[in-house]
Amino acid sequence: MMRALILGGTADANLLAAAVSRAGIDAIYSFGGRTHAPAEQPLPTRIGGFGGISGLADYLRRERITHVIDATHPFAAEMSRNAIAACAQAATPLLALERAPWERTPGDRWIEVADVAAAVAALPERRANVFLAIGRQHIAPFGALPQQAYTLRFVDPPEQPLPLPDADVIVSRGPFTLEAELEMMRARNIEWIVARNSGGTGARAKIDAARALDLPVIMITRPRLPERPRVESVEAVMQWLGHRTCLGA
Ligand code: NAP
């Protein structure tokens, strides 16, 4: 009997959950538990870590999972590495649903860096208005540049004081339109953007807005993962699960 596990927490995972539910496939949707009110799903859900590689391998056996789809964010590298190892241990087929990264286009002023530490080093010393478009768990290293005026955007309000002396938080859940991003960046006189190369359309507007405003973007490239089977569309996942889809139906 087919029983799928979707490692989720992304817009793509939510689209996949909808398609899986429409197809009547037995499946469980797993959230990491980072946000307080995760988007409702048409599938049974579970929340929180599995307990590393062995915890996930045990879970796969216990729940008799036959297919794992890793639809986590491209920067959720620990979860993705664990999924590769646990699926190998439990001999469970794994497929990643991962959008291609954004490509630089003419007019983009990207400074590509490998990680958050390199992003901090790429910012100017002089005071500037910086939009940090990265997850809250990655902002602490920017405390090394306390002179900057940071704008941050989170899904939930921060529960603890931020490690940045001059930080203004926007609480909002994407996706955002180009118009809204342009307005936000103009209103705050943003001069630098720090972003991660997530790919896809939901988070792209800030990159398009930066190009339109001729602003530099410090673009953190994706963490490297071991080779794994990977597709870019919900339709391709559904084919892997042995189903045809009529998207949007
Ligand atoms: P991470 O650093 O790769 O994962 C850290 C640990 O959190 C994992 O080892 C696992 O714990 C647990 N975990 C992560 N995703 C999980 C999931 N979907 N289901 C169950 N446990 C999960 O991940 P992260 O960057 O913190 O991301 C956490 C979640 O937020 C993911 O679902 C991801 O898709 C979503 N998300 C992340 C970003 C981002 O920027 N990274 C953006 C949007 C959404 P155990 O080892 O105990 O199993």
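Counting starts at 1 for both ligands and their atoms, in listed order.
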- prompt: At a 4.0 angstrom heavy-atom cut-off, what protein residues surround ligand 1?
  reply: Gly8, Gly9, Thr10, Ser30, Phe31, Gly32, Arg34, Arg46, Gly48, Gly49, Phe50, Gly51, Gly52, Thr72, His73, Phe75, Ala76, Ala77, Glu78, Met79, Asn82, Gln137, Arg196

- prompt: Cluster question for you: counting only ILVMFWY and a side-chain heavy-atom cut-off of under 4.5 Å, with indirect links fine, are Ile25 and Ile69 together?
  reply: yes

- prompt: Are the side chain of Gln148 and the backbone of Arg126 linked by a donor-acceptor contact shorter than 3.5 Å?
  reply: yes

query: Quick check: does any side chain N or O of Asp156 sit under 3.5 Å from a backbone N or O of His36, one acting as donor and the other as acceptor?
result: yes

- request: Take Glu98 and Arg230, measure what salt bridge (charged side-chain N to carboxylate O under 4.0 Å, His left out) needs, and give me the verdict at the end.
  value: CA-CA 7 Å; Glu98 186 188 51; Arg230 178 183 153 267; 2.6 Å; yes

query: Would you say Arg173 has more than 12 foreign heavy atoms packed within less than 6.0 Å of its CZ?
result: yes

- prompt: Just wondering, are more than 12 heavy atoms of other shown residues or ligands nearer than 6.0 Å to CD in Glu183?
  reply: no

